[in-house]
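Below, chain A is the first sequence line, B the second, and so on; all start at residue 1. Just so it is clear, the model here is predicted, and its values are computed rather than measured.
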Amino acid sequence: MFGVLFEQTADGQRYVDWLLSGLGWTLALAFFGWWIAFAVGVVVGIGRTVQNRLVAALARLYVEIFRNIPVLVQMFLWYFVLPEILPTSLGDSIKQIPPPWGSFFPALLCLGLYTAARIAEQVRAGIEALPKGQTEAASALGLGGYLTYRHIIVPQALRLIVPSLTSEVMGIYKNTSVALTIGLMELTAQARQISEATFQTFTAFGAATLIYLALALIAYQSMMLIDRAVRIPGSTPAKDAIEPALADDVQPGAALHQGMEVVK
Amino acid sequence: MQHEIATPLADRSPTIVVVENLVKRFGGFTALNDVNLTVAKREKIVLCGPSGSGKSTLIRCINHIEKHDGGRIVVDGVELTDRMADINGVRSEVGMVFQSFNLFPHLSVVENCMLAPMKVRGLSRPEARERAMDLLRKVRIHSQADKYPAQLSGGQQQRVAIARALCMQPKIMLFDEPTSALDPEMVKEVLDTMVQLAAEGMTMVCVTHEMGFAREVADRVVFMDQGSIVEEADPETFFRAPRTQRAKGFLNQIIH
Ligand SMILES: Nc1ncnc2c1ncn2[C@@H]1O[C@H](COP(=O)(O)OP(=O)(O)OP(=O)(O)O)[C@@H](O)[C@H]1O
Ligand SMILES: [Mg+2]
């Protein structure tokens, strides 16, 4: 059934090479996007919990903006709108970036910053779930705000949210497919191209589906391993917390709905 | 003190904590109303009183975990105010032990004891470790040094919490009902540790209803009710012949 994938294309490659190249872009987008999301998400999530009103308000603003605009719209904003609103010379030089990178970087920023907003909320929830006694004990020892966050609060909050971060990891790589709308030839785009070239729609998208599923499984298993690796000795496993993460499907549209729950 | 050359003023003063006309409100509720308390160096004070009388609030004000609304608190010569720059400097001289232990669950026992000495006092890792092991030995729990809090019993955890506070070499120790979350068979091991600490001359303010402990170590029992200090006396007098009706009622309740 997948035999057609190994046939020669017009440019001398095989269709499976197209898929692999798409997979490469998908992975690159998800991987680097994840680290942007994680770094920004942790900072913004911490920002939401600090005493300083201005910082907390800015962090809140970030989250509400990036989480409540659909990913597809954000993709267009970064790709089409950003070069227009920047000073002309800068905008023009952005438009000059050669093809794969010209859509890769906007897609990377888009997914990274969107997912960061979601991670920020997880981080905030993790921080707020810690018993008040932890901060009090740290204060009583003379640890200031920075040291308390650095050594007491953040290490515990991050451990707590590993299960819910699993759904964010899966979410970001699924959302990479949105990048095809701005011309990045990632996995889904390549599948469509193969389907158009061969008229084997089922084979093309079937192969893409299997690859996405395999990625999901790998992401899920790695997060389970991480969860186990960072678990505090003597504490009870948080296995029941990781199961709903699988069921929680991260769709661009769902973000709006979830955002409204928190806004109320 | 081995070197008597440049003793700061605060060190020569006989008092370590002065609380004057302290007022603390939570919203419209007055939790502490005009409280006055002076703690002399090496003094051991037991604070008691019915639930909600403000005992926890009072000792939490002393290390500024709760900010007071009126009056003055001076700790080791430094007045606590909202705008003070170095609250952590004061806090690091005041050890605190909580009812619910509040150990850091993600750090091993010895790391719990090393963190603040390293980060606040600037000790090197080996120095901090040596000090931690000394104090863990003192509370007789050094064999568990590399375990995590969740792997210890309540009594063991509370002794670790005491060691953690002692690692900062505080000038005064505050205890907020350190044994009331413990199973009865573990109360003694913690009280023994506190008795030993008292014998070594540590200044202590303890919220506790352990009357045996109060009799054994307290210089003074302070009885609170409804946000005020109602009665103060040496333990013998307080337990044998309380002056106020409220103290009598309270003592009847905890004995039965
Ligand atoms: N954070 C808070 N917000 C509102 N009210 C508070 C807060 N903390 C304490 N209170 C109130 O202040 C009063 C004194 O509380 P506190 O905890 O000091 O009492 P306590 O003497 O320690 O009692 P217990 O023996 O139950 O520990 C209580 O009525 C309590 O409800
Ligand atoms: Mg209390």
Assess whether atom [atom1] of [X] is packed by more than 12 heavy atoms of other residues, nucleotides or ligands within 6.0 Å.
| X | atom1 | value |
| --- | --- | --- |
| B:Arg140 | CZ | yes |
| A:Gln51 | CD | no |
| B:Arg137 | CZ | yes |

Query - Partners meeting side-chain contact (heavy atoms from CB on, under 4.5 Å) with A:Phe31 (sequence neighbours left out) - result: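 side-chain contact (heavy atoms from CB on, under 4.5 Å) check on A:Phe31 returns A:Trp35.
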Query raised in the report: Between A:Pro131 and chain B, which part of the residue has a heavy atom less than 4.5 Å away: side chain, backbone, both or neither?
Result: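 Interface part for A:Pro131: neither.
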Requested in this report: Identify the heavy atoms of B:Ala150 and A:Ser235 that sit nearest to each other, and give their distance.
Outcome: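 Heavy-atom minimum between the residues: CB-N, 4.1 Å.
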Query raised in the report: Counting a contact as any heavy-atom pair under 4.5 Å apart, which residues of residues 137-161 of chain A contact chain B?
Result: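 Within residues 137-161 of chain A, near chain B: A:Ala137, A:Ala138, A:Ser139, A:Ala140, A:Leu141, A:Gly142, A:Leu143, A:Gly144, A:Leu147, A:His151, A:Ile152, A:Pro155, A:Gln156, A:Arg159.
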Report task. Hey, could you give me the CZ/CD distance between B:Phe98 and A:Gln134, rounded to the nearest 0.5 Å? Result ->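 Separation between the atoms: 10.0 Å.
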**Report entry** Sub-4.5 Å side-chain heavy-atom contact between A:Pro233 and B:Lys147
**Finding:**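 Not touching, per the 4.5 Å side-chain cut-off.
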Query raised in the report: Pick from B:Glu93, B:Met96, B:Arg164: which one has the most heavy-atom pairs with chain A under 4.5 Å?
Result: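 So the answer, after comparing B:Glu93, B:Met96, B:Arg164, is B:Arg164.
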**Report entry** Contacting region of B:Leu103 [heavy-atom separation from chain A under 4.5 Å]
**Finding:**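 For B:Leu103, the backbone is the part near chain A, not the side chain.
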